[in-house]
Asks: 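First the structure, which I've put down as structure tokens, then a few questions once you've had a look.
Residue numbering restarts at 1 for every chain, and letters A, B, ... go by the order of the sequence lines.
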Amino acid sequence: MEYNFQDIEARWRKQWAELKTYHVEPREDRPKYYVLNMFPYPSGAGLHVGHPLGYIASDIYARYKRLQGYNVLNPMGYDAYGLPAEQYAIQTGQHPEVTTNENIGRYREQLDQLGFSFDWDREVRTCSPDYYKWTQWAFQKMFNSYFCTTCQKAKPIERLIKYFEEHGAEDLHVACSEDLSFSAEEWNSWDAKQKSDVLMNYRLAYLGETMVNWCPELGTVLANDEVVNGVSERGGYPVEQKRMRQWCLRVSAYSQRLLDGLNTIQWSDSIKETQRNWIGRSEGTEMQFRYHNPSIDGREEEGHFTIFTTRADTIFGVTFMVLAPESELVGQLTADSQKAEVEAYVKYVKGRTERERMIDHKVTGVFSGSYAINPFTGTEIPVYISEYVLAGYGTGAIMAVPAHDSRDYAFAKHFDLPIIPLIEGADVSEESFDAKEGIVGNSPAAGVETLDGFSLNGCTVKEAIAKTKQFVTEHHLGRVKVNYRLRDAIFSRQRYWGEPFPVYYKQGIPTMVPEDCLPVQLPEVEDFKPTKTGEPPLGNAKVWAWDEVNCKIVDKSLVDEQTIFPLELFTMPGFAGSSAYYLRYMDPHNNESLISEEASQYWQSVDLYVGGSEHATGHLIYSRFWNKFLYDLGVSKSEEPFQKLVNQGMIQGWSSFVHRVSGTSKYVSFDLLEERISDDKKSKEYYYEGVKCDPIHSDISFVSGNVLNVEGFRQWRPEYAEAEFVCNAQGQFIVSQAIEKMSKSKYNVVNPDDICARYGADTLRLYEMFLGPIEQSKPWDVAGIDGCFRFLKKAWNLYWTKDDQIAITDEAPTKENLKTLHKLIKKVTEDIEVFSYNTSVPAFMVAVGELQQQKCQSREVLETLVVLLSPFAPHFGEELWHAMGHDTSVCDAQWPSYCEDYLREDSVTLGVQFNGKVRYSMTFSADATPEQMQQQVLSAEESQKYLDGMQIMKVVAVPKRIVNVVVKPQQ
RNA sequence: GCGCCUGUGGCGGAAUUGGUAGACGCGCCAGACUUAGGAUCUGGUAUCUCGCGAUGUGCAGGUUCGAGUCCUGUUAGGCGCACCA
């Protein structure tokens, strides 16, 4: 019978949908397993062959777990808020919701084709009010929480307010934006507005004046992970630093927990390492330095400032101090005589973009005119201002030790400041000695008196750091401090197509819309662009004010500042909706709470999460933070949201380029061009008759092999219609090719629909898995797909006789059959557990080949084969399962376990080596001991010629592996 | 600069975790059946050599009876962080 995949796949797709084969509910009689894919943003381009890679891998695992008797949750949904739909709306006026729904429809169609075992009853969309109600709810909970650093947990803000009423800010151990100090009396004397402002310093979701990444081109702020190399990740527009009032999430409060949690989860080392880097914990010391500003008259001690260092041991090598230009200390420490110079410098730094500062690290700076006093020796040290010190890290001020820090070294050389080496034997004449190793000397130098006779001479660096820390703490010169690089997340965006904030401004005080009035729904606007006065697009909404009395959204013109107030104009960023969607899948239709207690208890957390590694410092951090917060609230039952993470690699595309002579409309075949290395030696450039040619993407549909279909290309775009094409001697126009990310804009997209139509979804699934290790990126190459298709056809033919009868019998399997089968069970089971699907596909091919040769028709064997194959090729499996007379889905079969007995050999043929070289092979009984094998080898006739005239040094016999005889010539 | 990962035929990639390197697929070569095939089937395919045999997992060392696998150094590519004190 012919393998008619089109008929088979269409039929089962329909059946599964009608019978809700993949619908799942909590059930106490079965253990749960939660498989999750990162949900897609439904872009206008639809799915390409890269998207399903992870979905297929997780679907195989989900089906496998189900066959093993687990109750498997495998949901899918859409991350529906995003910039492309909004930009399309700005251009065309079409509402983003319309675009989004259209795209979702197309995605769903494409996904359905591929035979996934998703429970579509649990679909979520981040833009649906039922869904974002809970995004808003979580935000409000964060607003109403603070973080206790002693117990490392979020607590209700009411507790903090009560504390302030009784104790003020004294002896406070909470996460905050800045350390404030006030008494209970002061607190109680403040009005509502003042109290609100102070509380913002502690809330987990807070309104803050912070330096933000402002992207003028996009008209919005961006989070740190959305800025790459000083330009926006999306679009590559320049980003500048700007001080703005924004909503923020106090992610930094969870730094330590986010770091510790990494040790408890099974993620790849590289992604854990990336997160550790991003969190950037560094243990160090904060030290206070008194300073002396000569312009302030009559007082010796004007005050002090604090620096942060991880190298407290180098205190005797400090020869200058440096402040960040943006630091608030700059004002206090600038002497009148230096004022003009300092102001000019600060202005210069402000004029530099983030990108400029990143690219060139030239040494710049200016003397402040003030001196700091080394608390250990009383020495006066000049204070400088330089952009190499960052305002956002530590205290924005450092002690500079040029001998042991390369940046300080460069600065000292430039400004001709002294360099005092401290590590014995370190040569600092050419460069600094940065390593944290060696024996400390010169600390202090001979004859220098120090506070309490403190000395580090003779200690190792490690001991010296510890000793200094202890001394600093005891003498109240500072404190031990752990710093993190992780910044609070900026949580508001000047955009339309996002979750609105459930916040209104009551007499200037940000106030939460009552919980039972949620969600605050996204209003209609006439224009999706920002307003003329620079307000976000929600400023265009007419009905956008909060009626406090009637608890509803009303017309903006009614605002009276008594009972009707303006609503927040910002919307939430992309990561808001994706931070807790895995929880919502557990109980997606619950209108009373994010998830019910029962659902949460049953499903716990995601056991297997599959998605791209590009989310390492974005979604995967925010989501962990969000979950930890909900865990503190008792909503999530697990400290970590994703127990195991598999990062599928990207499938890249082969882009094609035509080459156009610069400034003309003349196109030249690639093989006629001259190759040169570009000036920066990093890339190649191509020239035709001495003129440079620009590569231009051509749609890959006009290219076969590397030859361009010139007519097709001409008709593609009007500007190409009249172009001149210079072909090679064979009359062909050759394109150049390169592997790039698969993307609509690169015209290199391969669509799964065509593959499905030609080979079927099961072949596509098999092939994508066969392509290589799941975690590796690889270019899409259709060449090998025939092999997978042939395999399915071969397997299919195993089940049918020539006259289309099902070819199975009830005869007992032969020993050979069982060996083939159990070898396969073992291999496939082990492979699936470690996601090594690319090696199970060949195992199937070998097994099918063997069974074919054995002419196996045994029901027992062939049924098991179908079960093993069904996660990979579900339609194929389901069809044969039913053809063999079952009336339940193959999903409800049982995954077989293998039996070692069938794999055991009576005898085993091993290579016999002399001095590590294989000479011949020999058959041993399967249970031969090394001693017996040794005997057999030495007495064998074939061995004699190798043993002749030789002395036996050693015989190594490894059962089931090898026998090696080590010999050397006899003396 | 710091950290992580990867280097195996013409190609994608295997190798039971230290035991006969190159499974399986693609491609290529030969053959069979065919009027024909971009269909199907069979056999071959790391390199050098007529052959015996020798060489071979980026490069150089080391450990071991034995190394693609472990260790040291080096080189190339990819990724992450990056003036983080």
Asks: Expressed in angstrom and rounded to an integer, what is the separation of A:Ile962 atom CD1 from B:U17 atom P?
Replies: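 Those two atoms, CD1 and P, are 15 Å apart.
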Asks: Would you classify A:Leu771 as touching base, sugar-phosphate or nothing, given that sugar-phosphate means primed atoms plus P, OP1 and OP2, and contacts are heavy atoms under 4.0 Å?
Replies: sugar-phosphate
Asks: Distance between the P atoms of B:U63 and B:G68, in whole angstroms?
Replies: 16 Å
Asks: Centre-to-centre under 6.0 Å for A:Tyr767 and A:Tyr759, is that the case here?
Replies: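 Not close enough - the centres of the two rings lie 6.0 Å or further apart.
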Asks: Would you say the side chain of A:Phe770 lies within less than 4.5 Å of the side chain of A:Thr839, judging by non-hydrogen atoms?
Replies: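 Sidechains of A:Phe770 and A:Thr839: no contact.
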Asks: Which listed nucleotide (B:G13, B:C83, B:G3) is nearest to the side chain of A:Glu273?
Replies: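 Between B:G13, B:C83, B:G3, the one nearest the side chain of A:Glu273 would be B:G3.
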Asks: If you pin A:Thr309 and A:Asn915 to their nearest nucleotides in RNA chain B, which one's is more 5'?
Replies: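 The answer here is A:Asn915.
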Asks: Taking the side chain as every heavy atom from C-beta outward, state whether A:Met769 and A:Leu53 have any atom pair closer than 4.5 Å.
Replies: yes
Asks: Just compare B:C24, B:G13, B:C26 and give me whichever is closest to any side-chain atom of A:Pro842.
Replies: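 Ranking B:C24, B:G13, B:C26 by closest atom to the A:Pro842 side chain puts B:C24 first.
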Asks: If the glycosidic angle sits within 90 degrees of zero it is syn, else anti. Tell me which applies to B:U72.
Replies: anti
Asks: Would you say the ring centroid of A:Tyr3 lies under 6.0 angstrom from that of A:Phe876?
Replies: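 Centroid separation for A:Tyr3 and A:Phe876: below 6.0 Å.
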Asks: Would you say the rings of A:His822 and A:Tyr902 are close, in the sense that their centroids are separated by under 6.0 Å?
Replies: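 So the answer is yes for these two rings.
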Asks: Under 4.0 angstrom, heavy atoms only, what part of the nucleic acid is A:Thr909 near: base, sugar-phosphate, or nothing?
Replies: base
Asks: Using the benzene-type ring in the case of Trp, are the ring centres of A:Phe411 and A:Phe320 under 6.0 Å apart?
Replies: yes
Asks: Of the listed nucleotides (B:G25, B:C81, B:A85), which one gets closest to any side-chain atom of A:Thr310?
Replies: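 Minimum distance to the A:Thr310 side chain belongs to B:A85.
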Asks: Distance between the C1' atoms of B:A21 and B:A67, in whole angstroms?
Replies: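 After rounding to an integer number of Å, I get 11 Å for this pair.
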Asks: The side chain of A:Asn964 is closest to which nucleotide in this list: B:G19, B:A85, B:C81?
Replies: B:G19
Asks: Can you check the distance between B:U75 and B:A60, where both ends of the measurement are the C1' atom (answer in whole Å)?
Replies: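 One C1' to the other, the span is 10 Å.
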Asks: Compare the minimum distances between each of B:A85, B:U17, B:C65 and the side chain of A:Arg961, then state the nucleotide with the smallest one.
Replies: B:U17
Asks: Using the P atom as the reference point in each nucleotide, state the distance between B:C59 and B:C65 in Å, no decimals.
Replies: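 To the nearest whole Å, 25 Å.
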Asks: Just say parallel, tilted or perpendicular for the rings of A:Trp796 and A:Trp800, cut-offs at 30° and 60°.
Replies: tilted
Asks: Quick check on B:G13: is either OP1 or OP2 less than 4.0 Å from any side-chain nitrogen or oxygen of A:Gln776?
Replies: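 Affirmative; the distance criterion is met.
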Asks: Contact class for A:Val846 vs. all strands (heavy atom < 4.0 Å): base, sugar-phosphate, or nothing?
Replies: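 A:Val846: backbone/sugar contact only, no base atoms under 4.0 Å.
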Asks: Using the purine O4'-C1'-N9-C4 or pyrimidine O4'-C1'-N1-C2 torsion, is B:G56 syn (within 90° of 0) or anti?
Replies: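 Here the answer is anti: the torsion falls beyond 90° from 0.
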Asks: Could you work out the separation of B:U42 and B:U47 based on their P atoms and round it to a whole Å?
Replies: 24 Å
Asks: Compute the centroid of each ring, for A:Trp278 and then for A:Tyr484, and state whether the two points are separated by less than 6.0 Å.
Replies: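 Ring centroids of A:Trp278 and A:Tyr484 are no less than 6.0 Å from each other.
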Asks: Would you indicate whether the side-chain heavy atoms of A:Asp408 and A:Tyr388 approach each other to under 4.5 Å?
Replies: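 In short, these two side chains touch, coming nearer than 4.5 Å.
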Asks: Tell me whether the side-chain N/O atoms of A:Lys793 come closer than 4.0 Å to OP1 or OP2 in B:U40.
Replies: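 So the side chain of A:Lys793 is within the cut-off, an N or O lying under 4.0 Å from OP1 or OP2 of B:U40.
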Asks: Distance check, P atoms only: B:U72 and B:U6, in whole angstrom units.
Replies: 15 Å
Asks: When you measure from the centre of the six-membered ring of A:Trp267, is the NZ or CZ of A:Arg276 under 6.0 Å away and within 45° of the axis?
Replies: no
Asks: Taking B:U69 as the reference, what is the distance to B:A32 when you measure between their C1' atoms (whole Å, please)?
Replies: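 To the nearest whole Å, 43 Å.
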Asks: Choosing from B:A14, B:G19, B:A82, which nucleotide comes nearest the side chain of A:Arg485?
Replies: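 Nearest nucleotide to the side chain: B:A82.
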Asks: Of the listed nucleotides (B:C26, B:G80, B:A85), which one gets closest to any side-chain atom of A:Arg790?
Replies: B:C26
Asks: What contact category does A:Val965 fall into here, base, sugar-phosphate, or nothing, at under 4.0 angstrom with non-hydrogen atoms?
Replies: nothing
Asks: Taking the side chain of A:Tyr388 as heavy atoms from C-beta outward, which of B:U55, B:C83, B:C4 is closest to it?
Replies: B:C83
Asks: Between B:C81, B:C41, B:C4, spot the one nearest the side chain of A:Trp278, thanks.
Replies: B:C81
Asks: Anything below 3.5 Å on both distances counts as a pair; with that, list the stems of at least three consecutive Watson-Crick or G-U pairs involving RNA chain B.
Replies: B:1-7 with B:75-81, B:10-12 with B:24-26, B:27-32 with B:40-45, B:46-48 with B:53-55, B:58-62 with B:70-74
Asks: Which of the following nucleotides, B:C41, B:A14, B:C65, is nearest to the side chain of A:Pro773?
Replies: B:A14
Asks: B:A85 phosphate, OP1 or OP2: any side-chain N/O from A:Ser282 under 4.0 angstrom?
Replies: yes
Asks: Checking all strands, does A:Asn838 fall into the base, sugar-phosphate, or nothing category for heavy-atom contacts under 4.0 angstrom?
Replies: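 Since only primed, P, OP1 and OP2 atoms lie under 4.0 Å of A:Asn838, the category is sugar-phosphate.
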Asks: Measuring only the C1' atom in each nucleotide, how far is B:U57 from B:G9? A whole number of Å is fine.
Replies: 10 Å
Asks: To the nearest Å, how far apart are A:Asp781 CG and B:G12 C1'?
Replies: 7 Å
Asks: Categorize A:Arg276 for me: base, sugar-phosphate, or nothing, with a 4.0 angstrom heavy-atom threshold over every strand shown.
Replies: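 The residue A:Arg276 makes no contact with any strand.
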